[in-house]
Asker: 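My questions all concern the structure below.
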Amino acid sequence: MRFVNQMFARVYHRLEVCSASTIPRAGAGILVCNHISSLDPMLIQASTNRLITWMMAREYLELPGLGLFFKMIGIIPVQRGGRDLSSTRAAMRALHEGRILGIFPEGRISTTNDLLTFQTGAAMLAIKTGVPIYPAYIDGTQRNKEMLAACVVRNQARIAFGAPIILGRCQTDRATLEAATMEIKQSVAILRNRCRRHGGFLDRPIGVEKLQPRE
């Protein structure tokens, strides 16, 4: 499955890694990334040697033919629109087991080049467990495509990983969580600029499939 995903992401979707993953071969951690399409988890997974345990909206596990696959790779279902304590407990267990937890802190797919507001869940989990956060940023022609089109139609994608973030805090009050979340968002924004310097997709009109190098 890993080999198939590598070929799917790096060859078919022409994935380019601007800066390599900083996730170590062992130890727990939280990977946070912006979210622009349903293709994102496969592209991110193809860029690291660790199996990522994704937190994913519960309705995706009900899709025909995909639910069983998602369960096989340990997806943690999340109930939208409210505090889901069962998914939080499952995420904590995954981190205590030394796994890499994957979170899209925007909570939904962004249709613009702007980063949406980050939710505080990743910061809360990192503070409670003491694990590092590994930021990433992804961009590509898969943006603004429906789920099937994003996966089936050939794209050109780019991803950058940043240095781990050690929050070093022990409280989870609102002010602390918001400050930590802003730190995480800023680290992702820095990676967006790194992709941009690589000749990324931020200045191109939506729907253009070929990379246009920046002057």
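FYI, the numbering just counts along the sequence from 1. The figures here come from the full heavy-atom set of this structure, side chains too, leaving out hydrogens, waters and symmetry mates. Because the structure is a prediction, the values reported are computed rather than measured.
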Asker: Heavy-atom distance under 4.5 Å between the side chains of Ile100 and Ile30, does that happen here?
Answerer: no
Asker: Provide the closest heavy-atom pair for Leu177 versus Thr172 in the form atom of the first, atom of the second, distance.
Answerer: CD1-O, 3.4 Å
Asker: Flag the pair Leu115 / Tyr137 as yes when at least one side-chain heavy-atom distance between them is below 4.5 Å, and no otherwise.
Answerer: yes
Asker: Measuring only between side-chain heavy atoms, which start at C-beta, is Glu106 closer than 4.5 Å to Thr117?
Answerer: no
Asker: Taking atom CE of Met92 as the centre, report whether more than 12 heavy atoms of other residues, nucleotides or ligands fall under 6.0 Å from it.
Answerer: yes
Asker: Identify, with sequence neighbours excluded, every residue that meets ring pair (Phe, Tyr, Trp, His ring centres under 6.0 Å) alongside Tyr134.
Answerer: none
Asker: How far does CG of Leu43 sit from CZ of Arg158, to the nearest 0.5 angstrom?
Answerer: 13.0 Å
Asker: Between the main-chain N or O of Ile52 and the side-chain N or O of Gln45, is there a donor-acceptor pair closer than 3.5 Å?
Answerer: yes
Asker: List the atom of Arg154, the atom of Val11, and the distance in Å for their closest heavy-atom pair.
Answerer: NH2-O, 3.1 Å
Asker: Quick one: does Thr111's side chain have a donor or acceptor within less than 3.5 Å of a partner on Asn144's backbone?
Answerer: no
Asker: For Pro164 and Pro135, work out which heavy atoms get closest and say how close.
Answerer: CA-CD, 4.5 Å
Asker: Can you tell me how far apart CD (Gln171) and CG (Asp173) are? Round to the nearest 0.5 Å.
Answerer: 5.0 Å
Asker: Whether the side chain of Gln156 engages the backbone of Arg14 through a donor-acceptor N/O pair (distance < 3.5 Å, no angle test) should be reported.
Answerer: no
Asker: Take Asn155 and Tyr12, measure what side chain to side chain contact (heavy atoms under 4.5 Å, CB included) needs, and give me the verdict at the end.
Answerer: CA-CA 8 Å; Asn155 292 295; Tyr12 184 69; over 6 Å; no
Asker: As a quick check of understanding, evaluate side chain to side chain contact (heavy atoms under 4.5 Å, CB included) for Lys145 and Val153, giving each step before the final call.
Answerer: CA-CA 9 Å; Lys145 290 181 180 178; Val153 178; 3.7 Å; yes
Asker: Roughly how far, to the nearest 0.5 Å, is the CG atom of Asn113 from the CZ atom of Arg192?
Answerer: 8.0 Å
Asker: Of all the heavy-atom pairs spanning Leu101 and Ala91, show the shortest one and how long it is.
Answerer: CD2-CB, 3.7 Å
Asker: Ignoring hydrogens and angles, tell me if any N or O in the side chain of Arg50 forms a donor-acceptor pair with the backbone of Arg99 under 3.5 Å.
Answerer: no
Asker: Side-chain contact, heavy-atom cut-off 4.5 Å: Met42 with Cys151?
Answerer: yes
Asker: With a 4.0 Å cut-off, would you call Glu178 and Arg174 a salt bridge?
Answerer: yes
Asker: Show the nearest heavy-atom pair for residues Lys185 and Leu116, with the distance to one decimal.
Answerer: NZ-O, 3.4 Å
Asker: Do Ile36 and Asn34 come within less than 4.5 Å of each other through their side chains, counting heavy atoms only?
Answerer: yes
Asker: So, do Ile44 and Cys33 sit near enough that their side-chain heavy atoms are less than 4.5 Å apart?
Answerer: yes
Asker: Give every residue pair that meets the ring-ring contact (aromatic ring centres under 6.0 Å, His included) criterion with at least one member in residues 30-51, sequence neighbours excluded.
Answerer: His35-Phe104
Asker: Taking side chain to side chain contact (heavy atoms under 4.5 Å, CB included) as the definition, give me every residue that meets it alongside Ala160, ordered by chain and number, with sequence neighbours left out.
Answerer: Cys18, Ser19, Leu191, Arg194, Cys195
Asker: Tell me yes or no: between the side chains of Arg2 and Asn49, is some donor less than 3.5 Å from an acceptor?
Answerer: yes
Asker: Is there a donor-acceptor contact under 3.5 Å from the side chain of Arg10 to the main chain of Ala46?
Answerer: yes
Asker: Below 4.5 Å, heavy atoms only, C-beta onward: do Ser87 and Gln79 meet side chain to side chain?
Answerer: no
Asker: Do Thr88 and Leu125 have side chains that get closer than 4.5 Å, going by heavy atoms?
Answerer: yes
Asker: Which atoms form the tightest heavy-atom contact between Ala123 and Thr181, and what is the distance?
Answerer: CB-OG1, 3.6 Å
Asker: Would you kindly confirm whether Met1 and Trp54 end up in one hydrophobic cluster when ILVMFWY residues are joined by side chain heavy atoms under 4.5 Å apart?
Answerer: yes
Asker: Given side chain to side chain contact (heavy atoms under 4.5 Å, CB included), test Ser37 with Met147 step by step and report yes or no.
Answerer: CA-CA 7 Å; Ser37 79; Met147 180 177 182; over 6 Å; no
Asker: Hey, mind stepping through Phe3 and Asn5 against side chain to side chain contact (heavy atoms under 4.5 Å, CB included) and telling me if it holds?
Answerer: CA-CA 5 Å; Phe3 174 77; Asn5 188 55; over 6 Å; no
Asker: Closer than 3.5 angstrom, by distance alone: can the side chain of Thr48 be matched with the main-chain N or O of Ser21 as a donor-acceptor pair?
Answerer: no
Asker: Transitively linked via ILVMFWY side-chain contacts under 4.5 Å: Ile109 with Ile159?
Answerer: no
Asker: Got a second to check how far Lys128's NZ is from Leu167's CG, nearest 0.5 Å?
Answerer: 13.5 Å
Asker: Using 0.5 Å steps for rounding, measure from the CZ atom of Arg143 to the CD1 atom of Ile138.
Answerer: 10.0 Å
Asker: Is there a path of hydrophobic side-chain contacts, each under 4.5 Å between heavy atoms of I, L, V, M, F, W or Y residues, that connects Leu85 with Met55?
Answerer: no
